[in-house]
Every structure is written in C-alpha cells, then in structure tokens.
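Remember, predicted model here, so these are calculated numbers, not experimental data.
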Amino acid sequence: MESAEKLILYRDFKEGGIFTDFTWMIEHAGTASKEELEPLCYRCIRGLAELSESHGFEGNLWQSYLSFLMVNHENAYSISCERKGGVTGSIHELALHDFRILKEFFDFDFGCFGIPELDILKNYRRSGQGGRMFSHRIQDQICALGVRLAQAKTAEEFQEEVAGFYRDFGVGDFGLHKAFRIEHQGDGAAVVPVSNIAHVHLDDLVGYEAAKKKLLDNTEAFVQGKQANNCLLFGDAGTGKSTSIKAIINQYYGQGLRMVEIYKHQFQDLNDVIGKIKNRNYKFIIYMDDLSFEEFEIEYKYLKAVIEGGLEKKPDNVLIYATSNRRHLIREKFSDKAERDDELHTNDTVQEKLSLVSRFGVTIYFGKPEKKEFQNIVKALAGRHQVKMPEEELLAEANRWELSHGGLSGRTAQQFINFLLGQQ
C-alpha cells in the first residue's frame, strides 16, 4: 500500500482531516494496535456522518467522500481538464501517478479493522432529501461518480472518470456552485460560494417579453464565446430586474456560466476578484444589484475604469450585469446646473457623471405595468399557484391590495398571491 505522502498533485485537501486519519489507519493496518486505531476510526465515522448530512452524500460514504475531495481539488491537472476533459503531456502522467495511489485507498476494505460500525458506511442512507452545501444535482452526481470509480478496474479508467466529471461539471468551488459573493479579508478578497440561490426561471416573470429576449440574446452570445456587452437593467421597483438576473444564472449554469455578486462598498476589490476568475474555463457575470450613487459618492469613477478604460483589458470571460431604479445611475439635482458660476466647465462635470451608463452596451427597460397588464400578471400567478377564486373577485381584491401595498408591479402581484395562499 502506497503512502499518501507520495501524492504529488492531490495534496492538502480542503476538508481533508478525515482523509488524513483514514489513510493513516490504512497504511498502519497491520502494525497499529486496536487502542490506536479505534479512536481514529470512530472519529472518522462521526466525520463522515456529519458530511453526509451537510453535503447530502449517501451510499458508500468513504468513496463518496474521496470523490468529493477529488472534484473539489483545484490543481494544475484538474483546472486544465475543467470544461474540456482529459489533457495530455507530463501533467497527465503525474495525475495518473496520484490516481494509482488514490484508487488503492478507494478500494480498501475496512473489514480488516474488525469494527462493526464501519459496515454502516458501506451503504449509508441520509436522513433527508439532501444537504445544504450543493444543489441536489451536484450532490447526486458526486455520489454517482463514486459508484463509477468503484467499478473502474484500472487507474487509467479511474482517471478517465474523474476527468469526465471535470469536463461535464468543472472543479472546485467554481465548478460545483452557481453563484458567489465577496468577502474582504486581510490579504484581499475571497470569492465565497452562495449555497442557496433562488431557483427561478424567466418564464416565472409574466410579461416583459421584449426585455427578456434582449437579456437572453446578450447572455446566449456570451456563453457561446461570441461578442457580448455589459448589461444594465433599469426601471421601476418590483418589475423583475433582479429576478431576471437570477433566472439567467439558473438557465445557463450547465453551460459554464457563473455569477459573482458584488456591492458598491466592495468595488475596491473588483480587480482582485477579476484576477481570481479571468483564467478559469467558465463565463462569469459580475452582478451589481440596485446600483446607484449619490453625488458625494465617488466609487462610480473606479467602476468606470474597471468596466472600460483601465490599462488592463477586461477579460473575455467576464461581463458586468447591473440593475438600477435610475436610468443614469448617479443622482442628478437641479443644483448641478445651477452651480454653473462655480465651475468653468460644468458640462464636463455633468458628462462625467452621465458617462457611466454608456459603459453598458445593452440597456434594458423594465417599466411599471399598466392596470390591465397588472391584472394579467395576477391572473397568471393565480393560475400557476392554483388559487381558487372567481376572476372578478380576484381582480377586485388585487386592485384593493395594490392601492395600499406599493402600487402596480409584479412584486405587488406576487405579494398579493402569497397573501391569498396564506389564507387558504
């Protein structure tokens, strides 16, 4: 049995404590005493059971865990394979060396330890539908990979299965998650997965067909590697701008689209974030929700330089999508024109403020619906949620609701339907 210390690429696993303990037990199976093995063994059993609940793994938990470590490990080989599949050259040979060792660990029979509780790990049944770390699709695919790896007869077949996963789903956090947020840490910005993104689709947004098509066309071109533009969705509150962005990531996630949400106060980290994602084999949308600036805020100048105009070219795999209730993003006042006596080149100042929106090649308007459009939205949502109410009464109640709950908008219509569902 080879030692884990001989691994070259697949070392220093995140969440690798169980791996370290189990491989020590495997390597010392014939020499360690029962007093040495038992505490480690029970600690590993507990760790794998906790992992099952948090990540949704089942079946052979040891094999699912090893599969998880491999698909979550970013190294020269796995990153080369993501979205493309197997690679050739020396890096392929180094990876094969590691897979020979990992396959031995993967196939090890824990029955030799004489600890009956280990048998539970061979066919573990999770308590619920799944964990909270991954989507059901990803957690099931990791478990399925474990089953296929158990059937691999050679290290070459083992490697082929892992490379196939990298091709189909990617590797690491960017491969296993759709969306991310930014956390500023002492040494820079960290891109942190968002594990529970709203599962909405563009069809869930009633109406706005022209706006949705414009957004889809731009995103489709981007995902296919064609020329695409930064995109600004602007208009009235509650009209579906943010919902449309969330729907886009759900629709194109399987084609390699990822989303990073960033807030105005984090613009200082934009260059750092772009540096982390620009060389990955995914398409990234940097998402800025409810973007607007007061006149005293100067972050818009920094954003302008990052979007277009800085020395370093924005990577081809990055676009910026923003939503705003303001057409020009920056608050304008009559005093901007009244203060002409205080500045010789007032027009230059006004144009500087307005030029940010020109950095978005596609602008899409989401306007407040008319009365009849609002009623159509209410009827569509009522039918979708199977609300049992005569149409005349439904619309009369909806009209009363919108008068005291924010006016005509898709959000108001959804809130009204939620209210009715709560009364049933």
Side-chain angles (χ1 to χ4, degrees), residues 1-78 93-126 131 133-134 139 142-143 145-159 161-162 165 171-173 176:
M1 176 68 67
E2 293 280 8
S3 169
E5 291 300 316
K6 291 186 177 180
L7 290 168
I8 299 172
L9 300 173
Y10 287 84
R11 302 177 66 91
D12 304 321
F13 292 109
K14 289 191 295 184
E15 302 188 60
I18 300 172
F19 177 80
T20 300
D21 288 343
F22 252 134
T23 53
W24 187 92
M25 291 166 55
I26 292 171
E27 292 166 20
H28 296 82
T31 57
S33 67
K34 188 173 183 180
E35 288 73 21
E36 291 177 296
L37 290 174
E38 274 193 344
L40 275 180
C41 184
Y42 287 120
R43 187 166 73 191
C44 289
I45 293 172
R46 177 184 180 278
L48 288 175
E50 294 286 348
L51 197 75
S52 171
E53 296 307 306
S54 61
H55 290 67
F57 299 150
E58 61 180 359
N60 187 312
L61 277 196
W62 168 243
Q63 293 178 347
S64 292
Y65 170 67
L66 278 183
S67 301
F68 162 68
L69 292 184
M70 287 184 285
V71 303
N72 204 38
H73 194 271
E74 297 179 359
N75 57 59
Y77 175 75
S78 62
E93 296 302 320
L94 291 176
L96 182 58
H97 163 273
D98 282 5
F99 287 130
R100 289 193 179 101
I101 298 173
L102 290 169
K103 187 177 187 310
E104 287 189 339
F105 292 140
F106 197 90
D107 295 338
F108 186 82
D109 183 3
F110 290 106
C112 66
F113 291 135
I115 297 177
E117 287 80 9
L118 284 170
D119 289 338
I120 300 175
L121 301 184
K122 294 180 180 179
N123 188 24
Y124 192 89
R125 299 185 303 277
R126 61 193 178 209
M133 299 302 296
F134 301 128
Q139 71 185 24
I142 292 174
C143 293
L145 174 63
V147 173
R148 296 196 302 274
L149 291 177
Q151 297 169 349
K153 294 181 173 58
T154 65
E156 287 79 7
E157 292 180 11
F158 193 95
Q159 181 180 31
E161 288 291 348
V162 177
F165 188 100
V171 60
D173 285 340
L176 303 181

Minimal non-hydrogen separation, Ser52 against Phe57, with atom names: OG-O, 2.6 Å
Distance, nearest 0.5 Å, that separates CG of Leu96 from OG1 of Thr154: 8.5 Å
Name of the residue among Phe68, Phe110, Tyr124 meeting ring-ring contact (aromatic ring centres under 6.0 Å, His included) with Trp62: Phe110
pair Phe99-Met70: side-chain heavy atoms closer than 4.5 Å: yes
Gap between atom OG1 of Thr23 and atom CD of Glu5 - 0.5 Å precision: 8.5 Å
Heavy-atom donor-acceptor pair, Glu36 side chain to Ser33 backbone, under 3.5 Å: yes
Sub-4.5 Å side-chain heavy-atom contact between Leu37 and Trp24: yes
Minimal non-hydrogen separation, Cys143 against Glu58, with atom names: SG-N, 3.5 Å
Pair Arg100 + Glu156, salt bridge at N-O below 4.0 Å: yes
Nearest non-hydrogen partners of Glu157 and Lys153, listed with the distance: OE1-N, 2.9 Å
Shortest non-hydrogen separation from Phe105 to Ser3 and the atoms involved: CZ-C, 4.3 Å
Chi angles and distances behind the side chain to side chain contact (heavy atoms under 4.5 Å, CB included) call for Ile45, Tyr42: CA-CA 5 Å; Ile45 293 172; Tyr42 287 120; 4.1 Å; yes
Side-chain ion pair, Asp98 and Lys103, N-O less than 4.0 Å: no
Ring center gap for Phe106 and Phe158 short of 6.0 angstrom: yes
Reported CG-to-CZ distance for the pair Leu7 and Phe19, which is rounded to 0.5 angstrom: 5.5 Å
Contacts of Glu117 that satisfy salt bridge (charged side-chain N to carboxylate O under 4.0 Å, His left out) - sequence neighbours left out: none
Separation of Glu35 CD from Leu40 CG (nearest 0.5 Å): 12.5 Å
Greater than 12 external heavy atoms within 6.0 Å of Arg46's CZ: no
Heavy-atom check, side chain of Lys14 versus side chain of Leu69, under 4.5 Å: no
Atom of Ser67, atom of Leu149 and distance for their closest heavy-atom approach: OG-CD1, 3.7 Å
Arg148/Glu161 ion pair, N-O < 4.0 Å: yes
SB check Glu38 Lys34 (cutoff 4.0 Å): yes
Stepwise side chain to side chain contact (heavy atoms under 4.5 Å, CB included) check, Ile142 with Asn72: CA-CA 10 Å; Ile142 292 174; Asn72 204 38; over 6 Å; no
Any side-chain heavy-atom pair of Leu51 and Leu61 under 4.5 Å: no
Taking every non-hydrogen atom, the tightest pair across Cys44 and Met25: SG-SD, 4.4 Å
Ring pair (Phe, Tyr, Trp, His ring centres under 6.0 Å) partners of His73, counting only residues at least two apart: Tyr10, Phe13
Within-4.5 Å side-chain heavy-atom neighbours: Val71 and Val162: no
Lys122 and Asp109 ion-paired at < 4.0 Å: yes
Working for side chain to side chain contact (heavy atoms under 4.5 Å, CB included), residues Leu48 and Ile18: CA-CA 8 Å; Leu48 288 175; Ile18 300 172; 4.0 Å; yes
